[in-house]
Every structure is written in C-alpha cells, then in structure tokens.
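Note that the numbering runs from 1 along the sequence shown for the chain.
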Amino acid sequence: MTASAEKAATAPNSEQALNESTNGAQTTALPDDTAATSTESRSVGGFGSRVVARLGPATVAFTVLVAIFGGLFTVITPPFWGHDEITQFGRAYQVAHGGLLPQQIHDNRGVAYGGDVPKSITALMGYALRDYTTNPDEPDSMVEDPGAYDRLGGAAVSDATEPVWFTNTAAYSPVPYIPAAVGIRLAELFDLDVAGMVALTRLAGLLSYLTVVGFGLYALRRYRAQWLAFTVAVLPIAVFQAGTVTADTMTNALAIMVSALLVKALFLGDRLGRVETGALLAATILLPVSKPTYVLLAMLVVLVPAQRFGFSGWQRAIPWFFAAVGGLVFAAWMKVAAPTGDGMGLMRPQHQWYSVRPGDQLRGILTDPGHFLSVFGESIALRDERWFSQFFGELGFAYIDVPALTMLACLFAFAVSIGVADRMTAATFRRTLLVALTVAASVAMIYVTLYMSFTPVGYYIIDGVQGRYFVPLAIVAFAVLLRWMPLRLTNIAGRTPTVGPAVTVIVATVIALVGAAWKYYEIVWG
C-alpha cells in the first residue's frame, strides 16, 4: 500500500472508532432531566471528538500531558536545579537585555565569559548551587531547607547586579533563548519577585515547546506515525527540560518539528501546506544556530522532492537557498563563539582547568585518528549504559535517574508506536541512505564536539556525553529503520489497529511521567 493510500485508509477508521465510542449511547425512554444530562454529555463528548478529529489525537494528548507534567516539573524542581540552569538563566537574562554576543568577563582563573545578573537572583543561584552539591545520605531529602527558597525567592529583583560566569552557554546564539528572554521581560513588566521571574521564565519555555512540537504533531495528524513523534516528544527528559530554563527546550522543539515535517514529506510522500513549508524552511536557519550539533538534521530539507513543497521551475532552488543560508549563519556563529572554547576548562576540577584545549584535540584527531577511535571505543564500553538511561531521563543537577518502571513504560510505548507506524515507502533507497548517514554524522558530531570542547587532552574517555543529546535525532533515526523494516503490528483481521495502540501509548506515557515525577519529588523534597 502506498503512503497516500494508507493515509486515506487510516484516518477515517480512527475517526469512526472515536465517534462510535463517544456517540453510541441510546437516548430513548429517558426522563426529562436524564435526557437533558445525556444531551449535555453528548454535546461535550461531541466537542471533544471534533477537537481530536481536527487537531489529531497525538496533538491533543501531547498538549494535555506536557502541560500537566511540564507544569508539574516547573513547580517541583527547585530554582536553578535544572541542567546547567544557573548558566542557562544567566545567558537568557543577558539576551533579554540586548546582550546577543558572548561577553568576556574578568576571572582570575583564566578566560571567562558571562554577564551581569541582579544580586537578589545570584543570591538564590549561590544557595541552590550549594544545596544540590552538598546532599545528605538517604533517606534524607536533598533540599536541606525548603524555607530558604521561599525567603530568597520572595525577594524583589534588585537593581544592583554582579557578573555571573556562564562560558558554557555564552557560546549559544540568542535564538534558543528567545522564549526565556520574553519570560524575563514579562516578569520585569509585572514587577514579579525572584521566584516569580524564575517560574515565568520556565513557563515561557514550556509554552514554546507546546506550540512548536504541537505544530509538528499536527502535521502528522492523519498518519499513525504521529504516535512515534509523540513518544519522543513526551520522553521524561524532554518534558523535564521543557519545564526548566534551558536552550535545549527550543532546540528539542525545533528538532522534533523538523523531524515530523521531514517524515511527512520525505518518508510518507505527502505534500506540505504553505505554513508547514514556511516552518520547515525557517527551522533550516534557526536550528543550526540553536545547537551546532544538529546542523545536518536541518540540511535534510534539500532531500525533500520539490513537488512536495508545491515548488516548480525556479522555486525548486528555494530549499537549497535556505539550506545555504542556514549553513552560512551556522558558520558565522561558530566563528563568533569559537573563543569561548578556551574557557571551558574552568567547568572541570581545578587540576584540569587548563587541560581542555580544543586546538590540540582537533590536531590530534587529524594526525592520529586511531587514538581518537580508541578513546571513542573506550567511552562506549564504559558509558553506554549511562547514555541509555539518560535518554529517558537523568533529571537536572540532582542527577536523579528516572525509575525502571518509567524506562519500561517508555520502551513499551516505543514498541507500540513503532509497530503501528505507517509504511515509509515514499522515500527512495538513496534518500533513505543519505538520511541514515546524516544521523550517523550528527551522532559523530556530538562526540567530536565534546571531545574538543570539554574533554581534557589525554583523557581516557570522551567526557560530557549525555543520553539526552540523542533525543532530537530519534524520530528521523526511527524513520530510517521503519523504511527498511517491513514488520508491523496487526490485529487478528490482519489490519493495523489505530485506537487501541493510541490508548496504549498514552497510558504507558502517563505511567512513565508519573513514575519520573514521583521519584524526583520523593528524593528532592522527601
């Protein structure tokens, strides 16, 4: 069955099953009050069915679950306990006040980049840093004094500022910090206190994640592949990051949206609408400067046949033009951010401060690639199980792994969503191979980047790699697998079901997120 024919066969079945489940009740011989109640119930159910039919079940489920659990993580995660949230907030504050380029600051230890942040905020930053780095043994909670966060968070945002070190995030362009910067400016407009500013900045990022990823899922609403994109988008690590201040929120959102649109146009053979085309072309420029390691993912836009954009004649060059602009903007920002690499060693223990030398590492890769491959192999042998668990969730700088129940539920959701996905027959073997090579090259870029920018010269492994870095590549990687894997789940009638797997994936996701949130709260707050 072709992708377009499968689309026509799939969507009506899903809507029919949904309508039968919500509107199948009989209303004869009912008392007046009961009939009125039943009519109201059917009206509400009918409205819900129309929303699901219009937006797509995965879009609706994603919006509800991420709004709930992303909001929950926003509340239960202590201020600045997210991944690099101190330095992420510092860079977001700098962007919010017009500091678009990396700014060098004085540091007696060596090269450093950062910017000025209100002292009342840095006071909370300093307390949070001490709190999550000096944890008591079990069964005591990680937070030593919950009241301290209330006192420090209740302070007004001061006019007086002081410099904050954030060399690691100074290398990021302003693009992924736009939502956080908007949140900061709104907090200032409403004269919120320190805790209010942190919370609103987090919520602004969460809203951007809901909007951008929701659009990507909406594009797949007529395909069963929507559940694969959904399963990646609701991974506990992605939802946790969406609820904290980090550039990864927008980076993940853009990567998931790009992946969903590529699956639709390239693998399923469907034509993109005008808004979808505009979003994909814009992301071709925005994603490379959000995080350099995903530049190749954005460049895959050139593999989409021109007719699936609705382009003809000279318009066929438009995707290539945007890819070229994206590549140039990427190269320009890399040149701007390159000097920050000289200060990355200060993130390491004191005896390694001056051992991170990107130039020496690059020279070593080029002159002795065998040594680099040896270090790469050693890294896999010693760390692959950590990357696996981190792909599902190592939550913030509390370094809390999600429970085994969460990982099992996520794996079950993946098994079902992959098993019922559409046949990805629209992509030719050549294009599929190029996508596969691009994914492999993007993975390699993650390792090479961290080898050069964070790993000490002569270190025995590539340090700093985390499983969450592979989440943005997951959808297109699975699309390649599904293109070459003919196996699918079917019912006893030999047809691929729709409603049952959707319910299964949603239930498994709820279990996964409940388990992750419960464990995090129990360990952090007790």
Side-chain angles (χ1 to χ4, degrees), residues 1-18 53 56-59 61-62 216-233 256-273 276-277 280 297 300-301 303-310 411-440 473-506 508:
M1 179 181 291
T2 64
S4 58
E6 188 165 348
K7 165 186 169 183
T10 302
N13 290 339
S14 176
E15 293 181 20
Q16 179 182 357
L18 182 60
T59 308
F62 165 81
L217 292 173
Y218 175 76
L220 293 173
R221 64 193 179 280
R222 295 187 179 93
Y223 293 98
R224 296 190 303 270
Q226 64 184 296
W227 295 110
L228 173 58
F230 169 88
T231 304
V232 173
I256 291 171
M257 183 192 72
V258 167
S259 299
L261 294 174
L262 287 173
V263 166
K264 179 179 180 178
L266 183 59
F267 288 92
L268 296 173
D270 201 356
R271 179 170 169 172
L272 299 179
E276 293 169 346
T277 296
L280 182 55
L297 176 63
L300 288 175
V301 67
L303 295 183
V304 178
Q307 63 269 25
R308 295 175 193 167
F309 289 113
L411 288 171
F412 186 64
F414 270 118
V416 175
S417 62
I418 291 172
V420 301
D422 312 83
R423 304 283 179 183
M424 307 281 182
T425 54
T428 63
F429 177 86
R430 178 173 170 273
R431 285 192 171 97
T432 305
L433 180 61
L434 288 173
V435 174
L437 293 174
T438 299
V439 172
L473 301 172
I475 295 175
V476 289
F478 282 124
V480 170
L481 177 65
L482 288 167
R483 168 62 178 83
W484 289 334
M485 184 183 73
L487 299 177
R488 295 295 187 274
L489 297 175
T490 60
N491 57 22
I492 57 175
R495 293 191 296 268
T496 300
T498 54
V499 176
V503 173
T504 301
V505 169
I506 292 172

Side-chain (Asp422) to main-chain (Ala225) donor-acceptor, under 3.5 angstrom: yes
Sub-4.5 Å side-chain heavy-atom contact between Pro501 and Leu489: no
Arg221 side chain to Pro57 backbone, donor-acceptor under 3.5 Å: no
Donor-acceptor contact below 3.5 Å, side chain Gln226 vs main chain Ala58: yes
Audit row: Thr425, Arg483, side chain to side chain contact (heavy atoms under 4.5 Å, CB included) steps and yes/no: CA-CA 6 Å; Thr425 54; Arg483 168 62 178 83; 5.5 Å; no
Note, Leu261 side chain near Met257 side chain (heavy atom, < 4.5 Å): yes
Sub-4.5 Å side-chain heavy-atom contact between Leu482 and Leu228: yes
Side chain proximity check, Thr231 to Phe412, heavy atoms < 4.5 angstrom: no
Closest approach of Met485 to Ile418 (non-hydrogen atoms, all atoms of both residues): CE-CG2, 4.0 Å
Backbone of Asp270 reached by a side-chain donor or acceptor of Arg308 within 3.5 Å: no
Any donor-acceptor N/O pair, Arg488 side chain to Val420 backbone, under 3.5 Å: no
Any side-chain heavy-atom pair of Phe267 and Leu262 under 4.5 Å: no
Partner residues of Thr59 under the side chain to side chain donor-acceptor pair (under 3.5 Å) criterion, sequence neighbours left out: none
